[in-house]
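Below is one structure, written out as structure tokens, with a few remarks after it.
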Amino acid sequence: MLPYSHQSINERDAQAVVETLYSDWLTTGPKIREFEHAFARWVGAGEAVAVSSGTAALHATMHVLGIGPGDEVIVPALTFVASANCVVYQDATPIFADVDAETLLIDPKDVEAKITPRTRAIIAVDYAGQPCNYDALKEIACGRRSISLVADACHSLGARDGGRPAGTLADLNVFSLHPVKAMTTGEGGVVTTESFETAHRMRCFRNHGVTSDHFQREQQGSWLYEMVELGHNYRLSDVQCALGLSQLQRLADSIARRRAIACRYNEAFHHLAGVCPVQARPNVESAHHLYVVRLDLTCLSADRGKIFAALRAEGIGVNVHYLPVHLHPFYRRRFGLAPGYCPNAEAAYEKVLSLPLFPAMEERDVEDVIEAVWKVIGAYAVDTRAAVVAGSR
Ligand SMILES: *Cc1c(COP(=O)(O)O)cnc(C)c1O
């Protein structure tokens with residue numbers, strides 16, 4: 001089965017990890033700073049704070065913004081649960097905004113409609129790899145005092161909007177280094193920001209709320225540490241940072257490869273009635289984390305479940321991103337949410353499929369996916385002519 005995503009690990013990655021394994025510092029050592037500097041430079045951000053996961057990175061942003069009980073944070077409905085869970089960790093309330101039906105990105109108009117006097121932040125999610133409309137979101141946030149803007153950029157590492165890179169588009173920008181993402185440290189996450197002060201507070205938060213770490217105390221020949229607020233152990237280890245440094249060196253190539261595969265898919269499905277790629281925003285260069293197609297169920301005799309199973313039977317490991325967060329049992333129960341609250345996200349959920357897309361795919365894999373999609377969609381096309389119309393692929 002060809003998976004929808006897969007990490008790429010090479011000999012140099014393995015060497016970097018082994019070297020660090022035999023060094024003095026497995027964690028809290030010099031590789032962390034080295035990785036943070038390299039990551040910040042790659043993205044073009046002032047500061048990068050490395051933590052143990054994308055989820056921990058999201059939690060750190062909610063902590064530094066002082067989100068707490070009684071506060072509301074606006075989150076899109078169509079995302080991974082972690083985008084909203086970080087709000088609940090702080091005993092605050094996530095308010096789900098609907099997505100645009102064509103781009104599947106958070107709809108600024110619905111954000112505007114869901115702002116109340118309790119709104120403290122907006123978490124926008126760069127679904128599938130293209131940055132949200134941060135200019136529109138900033139205008140909404142800036143018009144009102146103390147609404148902060150957070151980018152969940154877990155899909156968009158390497159993307160640009162009008163030339164500006166993901167990681168610099170919001171006050172706080174969150175990345176994940178999970179194996180399915182653009183680059184990996186096994187588990188890991190990063191927050192980028194322009195504020196040194198904010199970065200310092202997040203470095204403290206990832207280390208129990210203590211103001212210095214073991215490496216700094218060793219360097220200063222000091223034993224004293226003070227815990228100034230309640231933090232967590234959200235540290236990324238030096239072993240993981242060594243892998244991250246090595247992965248970062250070919251990140252640009254990986255994203256170029258993703259882009260080439262996405263272009264090939266676009267071209268191959270252009271004339272296939274029944275599948276429709278997610279629409280791109282103008283002036284955006286996507287990082288192509290996911291290749292999402294929306295099935296046109298009006299010209300298919302099967303639902304998404306059947307198409308999903310048929311593609312799996314062809315060895316194509318398609319996936320679905322995502323069941324809208326407000327429809328998960330936890331969110332229904334805790335916040336009294338039900339279908340109908342975010343109609344575009346709910347409608348999208350019925351018809352989205354993510355096709356395999358990762359840099360290590362060979363040409364043959366890409367062509368296998370294309371052939372299987374044509375075969376399965378053709379088999380379920382209501383008007384069989386529709387599927388093969390202008391069928392030169
Ligand atoms: C992967 C992902 C996360 C969480 O990242 P982890 O590193 O798995 O904790 C959060 N938000 C989105 C949109 C993601 O895709």
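The figures that follow rest on heavy atoms only: side chains count, while hydrogens, waters and symmetry mates do not. All ligand and atom numbering here is 1-based and tracks the order in the structure.
- For atom 5 (O) of ligand 1, the nearest protein heavy atom (residue, atom name, distance) is Ser176 OG, 3.3 Å.
- Nearest protein heavy-atom contact of atom 11 (N) of ligand 1 is Asp152 OD2, 2.8 Å.
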Show your reasoning for whether salt bridge (charged side-chain N to carboxylate O under 4.0 Å, His left out) applies to Lys109 and Glu112. CA-CA 5 Å; Lys109 284 196 293 296; Glu112 180 100 64; over 6 Å; no

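- Scanning the protein heavy atoms around atom 9 (O) of ligand 1, the nearest turns out to be Thr55 OG1, 2.5 Å.
- Around atom CZ of Phe308, more than 12 heavy atoms belonging to other residues, nucleotides or ligands sit under 6.0 Å away.
- For Val180, no heavy-atom contact with ligand 1 is shorter than 4.0 Å.
- Residue-to-ligand polar distances keep Val125 apart from ligand 1: every N/O pair is separated by 3.5 Å or more.
- The neighbour count for Gln15 CD, taken as heavy atoms of other residues, nucleotides or ligands under 6.0 Å away, is above 12.
- Of the residues Arg264, His270, His271, the one that meets the side-chain hydrogen bond (donor to acceptor under 3.5 Å, both in side chains) test with Glu267 is Arg264.
- Within the 4.0 Å heavy-atom criterion, the part of His155 lying near ligand 1 is the side chain and not the backbone.
- Proximity of Ser53 to ligand 1, defined as any heavy-atom pair under 4.0 Å, is shared by backbone and side chain alike.
- Applying side-chain contact (heavy atoms from CB on, under 4.5 Å) to Val73 and the options Thr61, Val87, Ile122, Thr93 leaves one that passes, Val87.
- Contacts between Phe175 and ligand 1, counted as non-hydrogen atom pairs separated by less than 4.0 Å, are absent for every part of the residue.
- Put simply, the side chain of Thr116 reaches to within 4.5 Å of the side chain of Thr119, judged on heavy atoms.
- Counting atoms of ligand 1 from 1 in the listed order, those under 4.0 Å from a heavy atom of Tyr322 are 15 (O).
- If you number the atoms of ligand 1 from 1 as listed, the ones under 4.0 Å from a heavy atom of Thr79 come out as 13 (C).
- Residue Arg118 places its CZ atom among 12 or fewer non-hydrogen atoms of other residues, nucleotides or ligands, all under 6.0 Å distant.
- Counting only N and O atoms by type, the side chains of Glu346 and His326 include a donor and acceptor under 3.5 Å apart.
- Listed by number with element, the atoms of ligand 1 under 4.0 Å from a non-hydrogen atom of Ser83 are 11 (N).
- In this pair, Phe358 and His6 present their aromatic rings tilted. The plane angle is within the 30 to 60° band.
- Residue Gly188 approaches ligand 1 through these ligand atoms, each under 4.0 Å from one of its heavy atoms: 7 (O).
- Looking from atom 14 (C) of ligand 1 to the surrounding protein, the closest heavy atom is Lys181 NZ, 3.2 Å.
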